[in-house]
Every structure is written in C-alpha cells, then in structure tokens.
Amino acid sequence: MTHLWVRAESRDNEDRVGILPDGVAALIAQGMQVTVEESPTRVIPIDEYRAAGAEIAAEGAWVDAPEAAIIFGLKELPDDGTPLRHRHIMFGHAYKGQPDGQRLLARFKAGGGALYDLEYLEDADGRRVAAFGYWAGYAGAAVSLLAYAAQQDGRECPPVTTWQSSQAMREKVRAALADKRPDALVIGALGRVGTGASDLCEALGLTVTKWDMAETASGGPFPEVMDHTLFFNCILARPGTPVFVPETTCSDPRALRVIGDIACDPDSDFSPVKVYDRATSWDAPVIRVCDDPPLDVMAIDNLPSLLPRESSTDFAAQLLPHLKTLETLDQGVWGRANTHFKTYIQKVTT
C-alpha cells in the first residue's frame, strides 16, 4: 500500500499545504494510506484532515516514519545535515548550483533516499504540471508596488504578512499607491508568474509592457529594462538565461526604481539580476542596492504564502491528479522527476 506522509512545514512564514482534505479523502478512497502531521501554522486546520480519514502524527514525526513512506512537503527541510533515507516530494531548489541545494543532495546521497522535485514534475512535453506561479506573480507585484509607494514617500518598505484574499491584498496596494502611477515591464509575461504580476498591475490601472521569449531571443543586452519604473523578472534561472539587470546598473542612467525578482534565484549561477546576492524576507521585503537615485530589489522566495488559502487551493487542484498515480512512482511525471534527481545526484561528492 502506498503511504503518503504530509509533513508540517518547518520554515518561518510558511502556511501553505500541497493537498487539501478532499484530496486526502480521494487518495484514501483509492486505497492509499495518508498521514498528516499537526502544524501550528498550516492554513487548513488539522481537524479537517482528521475528518477526511487521515492518520494524524506529531509535527516533525516524519523523520521516524516507515522507510516506505513518501514524505510530502513544500519548502525546505531543516538544514541539520542528517542523512535522508525517505523518498521526498518537495521544492528542493537543488539543481541550479545553489549551495543549500548541494548540501541537500549530499544528504540524500548519504541516506539513500530520493528527491521528487516539484519544480521538475513535468509532462511528456516538458511542461510543469503543478505550480504556485500565478500567485507568486500576483503577490510579488503587490509587495514590489508597496515598496515603490514607500520609497517615493521617503520610507522603508514595511514588513508584510498574510492576506485573507487577493482582493484584500489588491486594495491594500491601491491605497498605498494613492495617485502614483508607475509603469512596469514584465519579462516572462506569457507564463503563470508573469500573468499573475500583469493581472495585479492591470487591475490597479497601471501600464504594463509584456515581454516573453520573442522579445528576449537576441540574448541582450536589454537597456530597455532601465526605461521602466518597475521590472518584474518572471523567468526561472536556467543555463542560457540572458542578463536583464547587469552589475553596472547603479552607474547607468535609469528610470528603474524597483525590481521584483519574483523568480528569485540569487544563489544561481544563471540569475538574470546581477545587483543583489540574497533573498529578502517578510520582515525586510527589499534590499536597497542603489542610492542615487534609489533602487530596491524585492526577492521574497515564498511569495504565494502571502495568500496561503488561495494559492494552496489552486496548487492542490493541479497536483492531485498526479498524487493519484503515486503507486507507479517509476513512471510518468514521477519517473521523469526521478531521472532529474539521478542526473544531479551522480555529481555530488560526500
């Protein structure tokens, strides 16, 4: 019997979950065993999972779960160096040269477990089958606009926290902007992330320039980026990704005041935004990278958790059809994810 173990998220400001109670009930009806850990922060109360038929375990109990259990979470595990013996479904952020990712892979190699990275869960044509991208784009644009409003008022961007709905988030931004009307450039505009960023800006009546593969096919440089007040990077860092914001930006003439690096891969060798080197946080949403004139970078790496209920509901609906195929873990989307893992784990030295 396939045993799916839904772990509690261990990182700060992470309220999302990848499966809802109705999804748990569907898996159990199909013959799977489902365990859900208690969590003080998860947006869905544990009693709803209990009512759906899940077995309930203490927070963090996955470390002692049966070896055959498949551990399912979203964000990173505690970085404690312990070997990982289970099969894990999660966003590993491990295949683009990130230092934390290399340590994670070393732990899998030491423990004999395996990573089924949600970012690399793809159909036969290489398209991702489940993503939080739309809500990352929507929330990333919102926080970046809050940062712009604060900057123009001579203030630092205030801390952010969860919103109950996208409407509440949008109205918060509308009030902060007041009569300010910055324009924005979205690169990756045709994807999920870019669509979310564009939708938020257009709902606020802002002018949005939308670029995608056709506009960036030349490989750069792209001085046009500097002509916009805001720039939203919505393209995942991969080999061959062009540079959109070079290291010389602070000394170049520019209208650019805020960068929303929604893709947020500052540790990657392939990052297209070269003016910063670390993610930002809910407590400090931006980094000031230039002073005269100011330029702030927003690079929060768990933006969808600002809208935990809407983003979880959307993602869980996308993923559930594939969770139903866990009994054939060596095939389909799971088999392709495992191929990625095997490719990268071979390069790890312990």
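All figures in this text were calculated on a predicted structure; none of them were measured in a lab.
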Engineer: Sequence neighbours left out, what passes side-chain contact (heavy atoms from CB on, under 4.5 Å) with Ile28? Give chain and number order.
Structural biologist: Val24, Val34
Engineer: Which value, rounded to the nearest 0.5 Å, describes the distance between Leu104 atom CG and Asp79 atom CG?
Structural biologist: 8.5 Å
Engineer: Give the intermediate values and the outcome of side-chain contact (heavy atoms from CB on, under 4.5 Å) for residues Ile187 and Val225.
Structural biologist: CA-CA 9 Å; Ile187 297 185; Val225 173; 4.2 Å; yes
Engineer: Sub-3.5 Å donor-acceptor pair from the side chain of Asp212 to the main-chain atoms of Ala189, do we have one?
Structural biologist: yes
Engineer: Less than 3.5 Å apart, which donor and acceptor atoms pair up between the side chains of residues 8-19 and the rest of the protein, not counting sequence neighbours?
Structural biologist:
unit_1	atom_1	unit_2	atom_2	d
Glu9	OE1	Lys75	N	3.0
Glu9	OE2	Leu74	N	2.6
Ser10	OG	Glu76	O	3.4
Arg11	NH1	Asp301	OD1	3.1
Arg11	NH2	Asp301	OD1	3.1
Glu14	OE1	Arg16	NH2	2.9
Glu14	OE2	Arg16	N	3.2
Glu14	OE2	Arg16	NE	2.8
Glu14	OE2	Ser305	OG	3.0

Engineer: If I take atom CD1 from residue Ile89 and atom CG from residue Leu4, how far apart are they, to the nearest 0.5 angstrom?
Structural biologist: 6.0 Å
Engineer: Excluding sequence neighbours, so at least two apart, what forms side-chain contact (heavy atoms from CB on, under 4.5 Å) with Val243?
Structural biologist: Pro246, Lys274
Engineer: Report yes or no: does Thr325 contribute a side-chain atom to a donor-acceptor pair with the main-chain N or O of Pro321 at less than 3.5 Å?
Structural biologist: no
Engineer: Using only heavy-atom distances, determine whether the side chains of Arg128 and Tyr120 contain a donor-acceptor pair under 3.5 Å.
Structural biologist: no
Engineer: Between atom CZ of Arg238 and atom OH of Tyr95, what is the distance when rounded to the nearest 0.5 Å?
Structural biologist: 12.0 Å
Engineer: Please identify each residue that fulfils side-chain contact (heavy atoms from CB on, under 4.5 Å) with Pro99, with sequence neighbours left out.
Structural biologist: Arg103, Asp267
Engineer: When rounded to the nearest 0.5 angstrom, what is the spacing between CZ in Phe91 and CG in Leu118?
Structural biologist: 4.5 Å
Engineer: Out of curiosity, Asn233 CG to Leu236 CG, how far, rounded to the nearest 0.5 Å?
Structural biologist: 8.5 Å
Engineer: Transitively linked via ILVMFWY side-chain contacts under 4.5 Å: Trp334 with Leu27?
Structural biologist: yes
Engineer: Taking all heavy atoms of Thr229 and all of Tyr148, pick out the closest pair and write down the distance.
Structural biologist: CG2-CE1, 3.4 Å
Engineer: Applying a strict under-4.5 Å side-chain criterion to I, L, V, M, F, W and Y, I'd like to know whether Ile46 and Phe72 cluster together.
Structural biologist: yes
Engineer: Is there a donor-acceptor pair closer than 3.5 Å between any side-chain N or O of Arg87 and the backbone N or O of Ala68?
Structural biologist: yes
Engineer: Could you pull out all residues at least two apart from Tyr116 that satisfy ring-ring contact (aromatic ring centres under 6.0 Å, His included)?
Structural biologist: none
Engineer: Do Met32 and His3 come close enough that some side-chain heavy atom pair is under 4.5 Å?
Structural biologist: no
Engineer: Does atom CZ of Arg278 have more than 12 heavy-atom neighbours, drawn from other residues, nucleotides or ligands, at distances under 6.0 Å?
Structural biologist: no
Engineer: Per the disulfide bond (SG atoms under 2.5 Å apart) rule, what does the pair list look like for residues 268-338, sequence neighbours excluded?
Structural biologist: Cys250-Cys290
Engineer: Can you find a pair of side-chain heavy atoms, one from Met169 and one from Gln164, that are under 4.5 Å apart?
Structural biologist: no
Engineer: Looking only at heavy atoms, which two atoms of Thr280 and Pro285 are closest? And how far apart?
Structural biologist: OG1-O, 2.8 Å
Engineer: With heavy-atom distances below 4.5 Å as the criterion, would you say the side chains of Met226 and Thr249 are in contact?
Structural biologist: yes
Engineer: Would the distance check show the side chain of Gln102 and the main-chain N or O of Ala94 forming a donor-acceptor pair, the cut-off being under 3.5 Å?
Structural biologist: yes
Engineer: Should Leu185 and Ile235 be counted in the same cluster of Ile, Leu, Val, Met, Phe, Trp and Tyr side chains packed under 4.5 Å apart?
Structural biologist: yes
Engineer: Check for a donor-acceptor pair, side chain of Thr313 on one end and backbone N or O of Glu310 on the other, with a separation under 3.5 Å.
Structural biologist: no
Engineer: Who pairs with Lys342 by side-chain contact (heavy atoms from CB on, under 4.5 Å), at least two apart in sequence or on another chain?
Structural biologist: Asn338
Engineer: Just checking Glu215: does its CD atom have more than 12 heavy atoms from other residues, nucleotides or ligands closer to it than 6.0 angstrom?
Structural biologist: yes
Engineer: Which donor-acceptor pairs under 3.5 Å do the side chains of residues 198-207 make with protein atoms, sequence neighbours left out?
Structural biologist:
unit_1	atom_1	unit_2	atom_2	d
Ser198	OG	Gly194	O	2.9
Asp199	OD2	Tyr134	OH	2.8
Glu202	OE2	Lys210	NZ	3.0

Engineer: Extract all donor-acceptor atom pairs below 3.5 Å that involve side chains of residues 291-300 and protein atoms in other chains or at least two apart in sequence.
Structural biologist:
unit_1	atom_1	unit_2	atom_2	d
Asp296	OD1	Arg288	NE	2.3
Asp296	OD1	Arg288	NH2	3.4
Asp296	OD2	Gln151	NE2	3.0
Asp296	OD2	Arg288	NH2	3.3

Engineer: Report, as yes or no, whether the 6.0 Å neighbourhood of atom CD on Glu171 holds more than 12 heavy atoms from other residues, nucleotides or ligands.
Structural biologist: yes
Engineer: Heavy-atom count check: over 12 atoms from other residues, nucleotides or ligands less than 6.0 Å from Gln167 CD?
Structural biologist: no
Engineer: Are any side-chain N or O atoms of Asp123 and backbone N or O atoms of Gly126, one a donor and one an acceptor, separated by less than 3.5 Å?
Structural biologist: yes
Engineer: Considering only heavy atoms from C-beta outward, does the side chain of Gln33 approach that of Glu55 to under 4.5 Å?
Structural biologist: yes
Engineer: In the structure I gave you, are the side-chain heavy atoms of Arg336 and Leu121 within less than 4.5 Å of one another anywhere?
Structural biologist: no
Engineer: Look at the side chain of Gln318 and the backbone N and O of Ala131, then say whether any donor-acceptor pair between them is shorter than 3.5 Å.
Structural biologist: yes
Engineer: With a 4.0 Å cut-off on N to O distance, would you call Arg254 and Asp252 a salt bridge?
Structural biologist: no
Engineer: For residues Ile56 and Thr35, determine if any side-chain heavy atom of one lies less than 4.5 Å from a side-chain heavy atom of the other.
Structural biologist: no
Engineer: Flag the pair His340 / Asp117 as yes when at least one side-chain heavy-atom distance between them is below 4.5 Å, and no otherwise.
Structural biologist: no
Engineer: Side chain of Arg107, backbone of Thr82: donor and acceptor closer than 3.5 Å?
Structural biologist: yes
Engineer: Phe108: which residues meet the ring-ring contact (aromatic ring centres under 6.0 Å, His included) condition with it, sequence neighbours left out?
Structural biologist: His88, Phe341
Engineer: Measuring from Ser312:OG to Ile44:CD1, what's the distance to the nearest 0.5 Å?
Structural biologist: 6.5 Å
Engineer: Is the distance between the ring centroids of Phe132 and Trp135 under 6.0 Å?
Structural biologist: no
Engineer: Given 3.5 Å as the limit, does a donor-acceptor pair link the side chain of Arg42 with the main chain of Glu37, or not?
Structural biologist: yes
Engineer: Against Phe244, only a single residue in Phe270, Phe232, Phe222, Trp211 fulfils ring-ring contact (aromatic ring centres under 6.0 Å, His included); can you say which?
Structural biologist: Phe222
Engineer: For Trp282, what residues pass the side chain to side chain donor-acceptor pair (under 3.5 Å) criterion, not counting sequence neighbours?
Structural biologist: Asn302
Engineer: Tell me the ring-ring contact (aromatic ring centres under 6.0 Å, His included) pairs involving residues 10-37, sequence neighbours left out?
Structural biologist: none
Engineer: Compare all side-chain heavy atoms of Val245 with those of Pro272 and state whether any distance is below 4.5 angstrom.
Structural biologist: no
Engineer: Distance-only, no hydrogens or angles: does the Arg257 side chain make a donor-acceptor pair with backbone N or O of Ala255 under 3.5 Å?
Structural biologist: yes
Engineer: Applying a strict under-4.5 Å side-chain criterion to I, L, V, M, F, W and Y, I'd like to know whether Leu145 and Tyr138 cluster together.
Structural biologist: yes
